[in-house]
Number of protein chains: 2
Amino acid sequence: MAQNTASKLNETSRSAVGRDGVLDIAARLFREQGYGSVSLRKIAEAAGIKAGSIYYHFGSKDEIVAAVLDAGIQVVHASMRDAVTALPADTDGETVLRAAIRAHLRALLDVSDYTSANVRIFGQVPQSVRDANLPTRRAYEAEWDSLLSRLQEDGALKQDVDIRRLRLMLIGALNATLDWFDPDRGSADALSHTYADVFLNGILERKDA
Amino acid sequence: MAQNTASKLNETSRSAVGRDGVLDIAARLFREQGYGSVSLRKIAEAAGIKAGSIYYHFGSKDEIVAAVLDAGIQVVHASMRDAVTALPADTDGETVLRAAIRAHLRALLDVSDYTSANVRIFGQVPQSVRDANLPTRRAYEAEWDSLLSRLQEDGALKQDVDIRRLRLMLIGALNATLDWFDPDRGSADALSHTYADVFLNGILERKDA
DNA sequence: TTGTTTACCTAACAGTCGTTAGTTAGGCGT
DNA sequence: ACGCCTAACTAACGACTGTTAGGTAAACAA
């Protein structure tokens with residue numbers, strides 16, 4: 001968020017990274033290096049300020065990382081919901097699901113350092129910070145559960161799959177791409193097609209009638 | 001590995017955790033808490049010795065974590081290969097793939113602190129340690145690629161799926177279970193069935209002939 | 001019995017961490 | 001011109017980190 005709020009200050013003065021600037025840089029460093037090896041001094045240096053100055057904008061390191069985590073979910077949540085609600089009301093289930101998958105993968109791999117930082121560092125962060133991020137997560141998970149349930153009721157999905165488990169499998173699989181995705185080998189959109197193909201139809205060769 | 005090598009010392013003397021004991025405990029702590037928040041003093045305390053004593057068995061913290069990472073892959077590699085080679089030569093492709101998935105998930109979720117520690121901390125560890133683990137990883141990946149290629153040549157798998165990408169998707173999805181798997185909600189074996197069902201046949205309701 | 005090896009211990013080192021207190025300097029409203 | 005607000009700065013704190021040097025006691029081989 002706030003790619004560069006150089007706003008409201010005449011450009012001649014010092015950088016004036018501000019709170020949003022620090023947050024942007026923190027998100028990028030967390031995504032690149034993980035939580036443990038990104039110190040406040042590293043963040044400060046990348047932002048062009050000194051470590052102590054960060055405490056003008058944030059009360060603690062936990063507050064920074066909590067803000068990054070929350071923003072990360074909010075970005076992907078908005079991306080996924082917008083993609084689905086933008087479709088005509090009578091769109092078939094397969095198309096809806098494909099759109100949701102593509103939106104999630106786009107936020108994760110193309111758009112947002114915040115979303116990728118969230119996926120990368122959530123498991124490395126102190127328990128209290130994880131807990132603080134949980135409500136935001138639950139809301140996004142509920143969005144998926146709601147979508148998948150609707151598709152199942154419409155008869156688009158098999159009746160015997162457990163929605164919660166399917167959501168965990170699907171999001172887990174998509175998030176795992178962060179460890180190996182290489183834009184030189186194909187776009188996030190192309191990858192989303194492959195994921196949709198596999199999850200929707202499987203990989204088994206079928207001798208259909 | 002080496003669940004408890006209390007060997008060759010009469011039991012009356014001090015615990016004598018030894019190199020393997022330290023490694024076991026390190027693997028467990030890494031799995032539970034991640035890399036960054038497990039210090040040598042924590043490992044030592046859990047092992048019932050003092051921090052400095054660890055340097056009798058290991059030259060550095062990196063050496064410990066490297067040993068944990070390598071063992072983690074070796075365990076799951078052996079588990080997966082053994083499961084596949086134990087099958088009759090004429091076993092059909094679907095059954096072979098199901099066995100491989102179950103073996104991977106078992107090593108990850110039931111059997112080995114080393115395998116789960118590897119998956120958990122690989123992305124948190126210094127670059128040099130990651131690099132040292134790469135050859136072992138590549139060997140396991142090659143095992144999967146070989147298996148999947150064979151199934152595709154036999155006509156069991158669709159011809160248009162890229163083996164490398166499929167392997168990344170599949171192992172990524174399986175490893176992601178570590179973040180949410182709860183044995184109270186179902187066994188690893190049961191979960192492996194669900195994964196196999198989804199990957200093999202997809203989740204789309206089909207009106208077969 | 002003596003000497004060696006094994007497996008630990010104690011104590012300290014330099015470096016890094018998050019965090020705090022107190023200070024400074026430019027821009028703005030009055 | 002005055003004082004306030006904003007956004008920095010410097011310098012240091014205690015805690016914790018991986019690591020090292022040197023000592024100790026039991027087990028075993030000769």
Side-chain angles (χ1 to χ4, degrees), chain A residues 2 4-26 29-30 33-68 121 124-129 132, chain B residues 2 4-26 29-30 33-68 121 124-129 132:
Chain A
N4 204 355
T5 317
S7 63
K8 74 177 173 188
L9 269 194
N10 50 4
E11 303 287 339
T12 57
S13 78
R14 261 292 154 63
S15 46
V17 277
R19 189 191 145 103
D20 288 346
V22 170
L23 220 47
D24 279 356
I25 283 160
L29 293 181
F30 284 141
Q33 310 181 25
Y35 173 75
S37 49
V38 173
S39 64
L40 290 182
R41 284 170 178 83
K42 270 193 190 173
I43 297 173
E45 193 189 13
I49 64 177
K50 295 303 166 66
S53 308
I54 291 184
Y55 283 82
Y56 175 74
H57 300 292
F58 301 94
S60 66
K61 188 186 184 187
D62 281 1
E63 197 178 309
I64 298 179
V65 72
V68 169
I121 71 176
Q124 314 179 16
V125 126
Q127 183 75 39
S128 59
V129 177
Chain B
N4 205 356
T5 318
S7 62
K8 76 179 173 187
L9 270 192
N10 51 2
E11 303 289 338
T12 57
S13 79
R14 260 293 151 63
S15 45
V17 277
R19 190 190 144 101
D20 289 345
V22 170
L23 220 47
D24 278 356
I25 283 159
L29 292 181
F30 284 142
Q33 311 181 27
Y35 174 75
S37 49
V38 173
S39 63
L40 291 182
R41 284 169 178 82
K42 270 192 191 174
I43 297 174
E45 193 189 13
I49 63 177
K50 295 305 165 67
S53 308
I54 291 184
Y55 283 81
Y56 175 76
H57 300 291
F58 301 94
S60 67
K61 189 187 183 186
D62 281 1
E63 197 179 307
I64 299 179
V65 71
V68 169
I121 72 176
Q124 315 179 16
V125 129
Q127 184 75 41
S128 59
V129 177

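Chain naming here is simple, since letters A, B, ... match the order of the sequence lines and numbering starts at 1 in each.
Closest approach to the B:Ile49 side chain among D:dT19, C:dC8, D:dC9 is made by C:dC8 (side chain taken as heavy atoms from C-beta onward). The side chain of A:Leu40 lies closest to C:dG18 when the candidates are C:dG18, D:dA8, D:dT19.
Across the protein-nucleic acid pair, A:Phe58 atom CZ and D:dA8 atom C1' stand 15 Å apart, rounded to whole Å. Across the protein-nucleic acid pair, B:Glu45 atom CD and D:dT17 atom C1' stand 15 Å apart, rounded to whole Å. Atom NZ of B:Lys50 and atom P of D:dG23 are 19 Å apart (whole Å). If you take CD of A:Glu63 and C1' of C:dT19, they are 13 Å apart, rounded to a whole angstrom. Between B:His57 atom NE2 and C:dC9 atom P the separation is 9 Å, expressed in whole Å. The nearest whole Å value for the distance from the CD1 atom in B:Ile64 to the P atom in D:dT17 is 14 Å. Nucleotide D:dA7 holds its C1' atom 14 Å from the CG atom of A:Asp20, rounded to whole Å. Put simply, OH on B:Tyr55 is 12 Å from P on D:dT17, counting in whole angstrom units.
Put simply, CD on B:Gln33 and CD on A:Gln127 are 11.0 Å apart, with the number rounded to the nearest 0.5 Å. Between A:Asp24 atom CG and A:Leu29 atom CG the span is 11.0 Å, to the nearest 0.5 Å. Rounding to the nearest 0.5 Å gives a distance of 7.5 Å between CD of A:Gln124 and OG of A:Ser37. From B:Glu45, atom CD reaches atom CD1 of B:Ile25 across 11.0 Å, with rounding to the nearest 0.5 Å. Here the CG atom belonging to A:Leu40 is positioned 9.0 Å from the OG atom belonging to A:Ser60, to the nearest 0.5 angstrom.
Taking for each of A:Arg41 and B:Ser60 the nucleotide of DNA chain D with the nearest heavy atom, the 5'-most of the two is the partner of A:Arg41.
The phosphate of C:dA7 (OP1 or OP2) has no side-chain N or O of B:Ser53 nearer than 4.0 angstrom. Proximity of B:Tyr56 to the phosphate of C:dA7: a side-chain N or O atom is located under 4.0 Å from OP1 or OP2. Under 4.0 angstrom from either OP1 or OP2 of D:dT17 there lies no side-chain N or O belonging to B:Lys61.
Residue-level contact check: B:Ser39 touches the backbone only, with heavy atoms under 4.0 Å from sugar-phosphate atoms and none from bases.
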